[in-house]
Amino acid sequence: MPGYNPSQIEKKWQRFWADQKSFATDAADTWGGGARPKYYVLDMFPYPSGQGLHVGHPEGYTATDIIARYKRAKGFNVMHPMGWDAFGLPAEQYAIKNNVHPRETTANNVNRFRTQLQSLGFSYDWDREVDTTDPHYYKWTQWIFLKLYRTWFDEKLQKGRPIHELIEEFKSGKRAAPGGREWDSLIATERRKVLAEYRLAYEAEVPVNWCPGLGTVLANEEVIDGKSEVGGFPVERRPMRQWMLRITAYAKRLLDGLGQLDWSDSLKEMQRNWIGESEGAEVEFEVSSFPPPEFQVSRNPELETRNLTVFTTRPDTLFGATYMVVAPEHPLMHSGLPEAWEAGIMEKWKYGKASPREAVAAYRQWAASRSDRQRQEDTQKTGVFSGIYAINPVNQKRIPIFVSDYVLMGYGTGAIMAVPGHDERDHEFATKFKLPIVQVVGEKLGEKPEARSQKPVDVRQAAFVEDGVAVNSAWIEGLPTAEAKKKITGMLEERGIGKRMVNYKIRDWLFSRQRYWGEPFPLVHLADGTTVSLVDSELPLKLPELEDFKPTGTIEPPLSKAKDWVNVHVLLERVVENGEEMARVVPAGTSGAVPARRELNTMPQWAGSCWYYIRYLDSKNDKAFVDPAIEKYWLGAPHGNAGPGGGGGVDLYIGGVEHAVLHLLYSRFWHKVLFDRELATSNEPFKRLVNQGLILGEAEFTLFKTREHKPISYEMVDPNVTVDGSLIMSKHKETGEDLIGERVDPADAEKKGDSFVLKSNPSIRVDARSFKMSKSRGNVVNPDDVIKEYGADSLRMFEMFMGPLEQVKPWSTAGVEGVYRFLQRVWRNIFDENDNAKVGGGGQDEATTRALHRLIKKIGDDIERLSFNTAIAAMMEFNNLLAKAPSISVETAMTFARILEPFAPHFAEEVHAKLGGSGSISKQSWPTFDPAMLIDATIEVPVQVNGKLRSRITLPSNADEQAAIAAALADPEVQKYLAGKELKKKIYVRGRMVNLVI
RNA sequence: GCCCGAGUGGCGGAAUGGCAGACGCUAAGGACUUAAAAUCCUUUUUCGCGCAAGCGAAGUGCGGGUUCGACUCCCGCCUCGGGCACCA
């Protein structure tokens, strides 16, 4: 069968590219010569799931492929690699269920993914492929982890520094060792404990979701209403020893670094919110003498010496603090609370408990049992009075201290001063517990008085949270909020009871999992309870082979089953590098060896993806995670860029938005540590980042019916539509009756006014929308099927033609056919019905040549700004022109194929070859255009009268203003509108427009 | 509740202060064909007038503003999408 036939040509060219290594990044060019500029274009590597590729993958991957192919043609040395993020929970769960080793399922999935990606014709350099589960790869993940472990954060320099420099500071006395002791007088165990406090990787007891029924820890997302999502087993919050990474130390730099990045505003905003910087002050409150003299219980002198420190963003409201609240986990609540209620005044806060001590203990227990989800759902304020007081430092008032779970231990100091007059949460609490509410901020009446309400602010009704001026506030009376904050903070600093403080919402990163399928930590635990890292030569520390890798049913991770692997002997004394102590595993009985246990947790899935973009650069290097010169060439800051490491990194990174505050934040963190440790030469990993929009299923029309199958017009349907699998449900707006949605054939729906109705019954409105693709809805499009039917080039082109890359957009099978037809039309413009070239027969008219030059410019511009949909539209327009052209030159056909190549590479190669071109068309450089060819001799210019289009005139393209206006005035159509009127203004925008104002 | 982003034909979208609706889809009509598919041609923002080529008016979520000129910029609202959510 003659004609364009993708199934015949695509495999052929894929084999050709693979055989020729057409897209290998030239390693020799990577360093030294520097003749070609480099361009690094990166995809978020996929998690190779058992489902195979979905149509979302080719969206971003085609976009980067177009850029990669275009940049190569423009003479860049392009890095465009692919790999697999293959550690993780789904592989392990699948393995447990089917009793196969996750290594096997992972290998199968990777092979399937690679085949699928290759069938799309992406121009990856497959020799650089990485797999996070390959020991050759995770050796270096572990190595980087050790770098983090051997790094501490110098607050003064805002920089990560090697641990041995910390040891030197201790030794030299520049930094005081704890307890005022000499560093050299500390024994090894003590030293390890001191250093552990500083490391970027540290162990801590943190509350986790522990599910005894499943024998594992669950992520917050996996817990619903206090029960496990899978199996419905109860989940408890319990503290467990976990590895943490000190990302909080880098909060400020992660925040500030966003400024120099070419990322979307929304994504930067998400990271900003996640890091959550707030400026304010820390204020110390004295804990009041308690009990008062007349109260006959024993005093607690220890408690009285304690201070209660709070963080506030509104120090200006200090005069309005009428009580305090601490989190249930706050150390002040641990002991020393009164054993009896204060006489008389405490009646309303007794809660049926004999003493504050009992009441607080009961409350703490209750609060601990609440899951995060329960807290989120029920935001009713709860709490108990602790029986003790604090003294407000500005007015010496004695104010009660409450315990409540609306204050979180993890943020600030875990304690607040409550200002119910000016904070909504405090107001709600104060109202419930009948605590005093006073106003200390008033409305600023100076500006825009008309905008202020006539009623004065009544803080007893509702908190006034805006800025204003201080009132009832003694020596800051009348000051605007901003100045009041400054003055009061200054005063607190002078008196030594407070200081300016910046706080961050971000928490340290919980970095360990009780899983089998992840990177083992290269650490051992010693008998004295301390931890030592392995020497680098012990890497990779391979996952032990386990027949049974299921969770143990206890809090022990699965690796505990590998008994021989767990218990080892190590040498310490003779393995010290720059003062940093390390462990080398030796046979038992070796002189000087001590027994140790390996760390049993594994790293989370994010570990491998934190640095894979670096490994691609030098993926086979077994001496280093990357050759420094190669790293500098691809990721280093271009010369002359402001600031150390500024402006370097991956040139373009495209991927989904779901990693906004996970992978994209974690990698930035790791990269900054690598930068500080002089292992990376840029301070940010991804200079420019674009998120491709989600592809939804094809638009569906839904008709809602009652249980009795009576159709309900959509205006009677509650707009809150819920989707459960393939079931679409809602409720009747008035009766509340359950309604079930039924699919309607799109051909039976038509638009009427603002909504869609049934053609067969226009009085019934139907719901029209697109849903996220999901297996249960049955609206998933499989790329393999599309390729089989229309070819990879059509799939690629359609996904680029759907709309702007970053936008959410619905799938359309008819749309795929549209671009498929386009490629066929191009083919028929070049080849006759026997597939012989029909171009080159005669001369080519100038209009076609000019159009070609315009096309070259347009496509270049559009690719640069990632506007692929308009680029394709322009190619379609050009092709429509070719269909009408009397004859086409071979050069024009070749150039057109060259321009098509980034989008439809197989098609372009075939055209190129059939027209007599040799080798791969991808090796041809990008066509250039002649600027002179963009300018036509004459131009058509619209003429407006009073801003309304009235006529068009033809002008020589070099016409000046005078000539243009004269021509416009001479136009008979225009004269009709000007007759007898006086011209007030004449405007000519060169080449664009004439506007006459009368 | 707070923070981002977006609202243009039947649908996806184009137009970066200068001709609104490029390009594609859908639909309708026509050509070719014994027929169908494929292909090609025409029409397809709305309303009014006209047998007709055509003519006129309105129109980019709503209300205002800036400008010779606004889908585009500014102010105020509405709706939808996304993120965060007791963060003091």
Side-chain angles (χ1 to χ4, degrees), chain A residues 3 264-270 272-274 276-278 280 310-314 317 325 375-376 378-381 404-408 410-419 422-426 428-429 503-507 657 660-661 693-694 698-699 719 746-747 749-752 754 756 768-770 798 801-804 806-819 821-822 824-825 828 865 867 869-877 879-880 883 940-952 984-998:
Chain A
S264 72
D265 289 341
S266 64
L267 197 79
K268 286 199 215 179
E269 201 57 28
M270 276 164 78
R272 272 190 203 109
N273 291 340
W274 190 261
E277 183 182 64
S278 14
V310 301
F311 172 72
T312 175
T313 53
R314 293 294 300 272
T317 61
V325 187
R375 266 196 199 200
Q376 268 169 33
D378 182 15
T379 54
Q380 281 281 316
K381 296 285 177 290
S404 171
D405 67 355
Y406 86 89
V407 172
L408 309 173
Y411 183 76
T413 61
I416 61 155
M417 64 179 213
V419 186
H422 304 282
D423 181 281
E424 276 163 19
R425 296 149 302 180
D426 297 344
E428 198 190 320
F429 190 89
N503 248 313
Y504 297 92
K505 268 200 288 200
I506 191 171
R507 309 290 158 79
V657 75
V661 290
L694 191 70
E698 278 206 79
E750 67 178 342
K751 181 109 176 188
K752 193 179 148 192
D754 289 338
F756 284 86
R769 69 178 77 193
S770 294
F798 170 65
F801 187 57
M802 289 168 88
E806 299 188 58
Q807 202 162 295
V808 177
K809 43 213 175 254
W811 182 262
S812 156
T813 301
V816 187
E817 267 176 46
V819 291
R821 274 200 289 265
F822 160 68
Q824 284 177 317
R825 278 194 283 258
R828 285 198 301 269
R865 61 190 180 105
S867 182
N869 55 332
T870 55
I872 293 169
M875 291 190 274
M876 288 173 167
E877 253 178 294
N879 189 53
N880 292 343
E940 197 178 66
V941 175
V943 181
Q944 294 183 342
V945 178
N946 282 350
K948 281 196 174 165
L949 178 71
R950 294 304 183 189
S951 184
R952 284 164 227 273
K984 286 197 192 118
K985 207 163 187 174
K986 299 167 282 194
I987 293 142
Y988 175 57
V989 183
R990 199 182 165 90
R992 309 295 312 234
M993 161 79 55
V994 175
N995 193 8
L996 305 168
V997 184
I998 50 176

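Letters go in sequence order (proteins before strands), and every chain restarts at 1. For the numbers below, each heavy atom of this structure counts, side chains included, while hydrogens, waters and symmetry mates do not.
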- prompt: Think A:Lys948 has a side-chain N or O under 4.0 angstrom from the OP1 or OP2 of B:G18?
  reply: no
message: Within 45 degrees of the ring normal and closer than 6.0 Å to the centroid, is that where the cationic atom of A:Lys381 sits relative to A:Tyr406?
response: yes
Sort me out a list of protein N/O and nucleotides 36-39 of chain B N/O pairs below 3.5 Å, or just none if empty.
residue : atom : partner  : partner atom : Å
B:U39   : O3'  : A:Arg828 : NH2          : 3.0

message: Check this one for me: any side-chain N or O of A:Ser278 less than 4.0 Å away from OP1 or OP2 of B:A88?
response: yes
field: Euclidean distance for C1', B:C86 against B:G12 (whole angstrom)
entry: 42 Å
field: Residue A:Arg865, side-chain heavy atoms: nucleotide from B:G83, B:A15, B:G24 that is nearest
entry: B:A15
- request: Could you work out the separation of B:A38 and B:A52 based on their C1' atoms and round it to a whole Å?
  value: 35 Å
task: Can you figure out which of B:C68, B:G83, B:A88 approaches the side chain of A:Val997 most closely?
output: B:C68
field: Most 5' of A:Met802 and A:Glu424 on RNA chain B, judged by nearest nucleotide
entry: A:Glu424
query: Can you find a side chain N or O atom of A:Asn869 that sits less than 4.0 Å from OP1 or OP2 on B:A14?
result: yes
- prompt: Say you pick atom P in B:U16 and the same atom in B:U66; how far apart are they, in whole Å?
  reply: 25 Å
message: If you only use heavy atoms from C-beta on, which nucleotide in B:A15, B:G24, B:C4 is closest to the side chain of A:Glu269?
response: B:C4
message: Work out how far the P atom of B:U46 is from that of B:G83, and round it to whole angstrom.
response: 37 Å
query: Is the glycosidic angle of B:G9 within 90° of 0, making it syn, or outside that range, making it anti?
result: syn
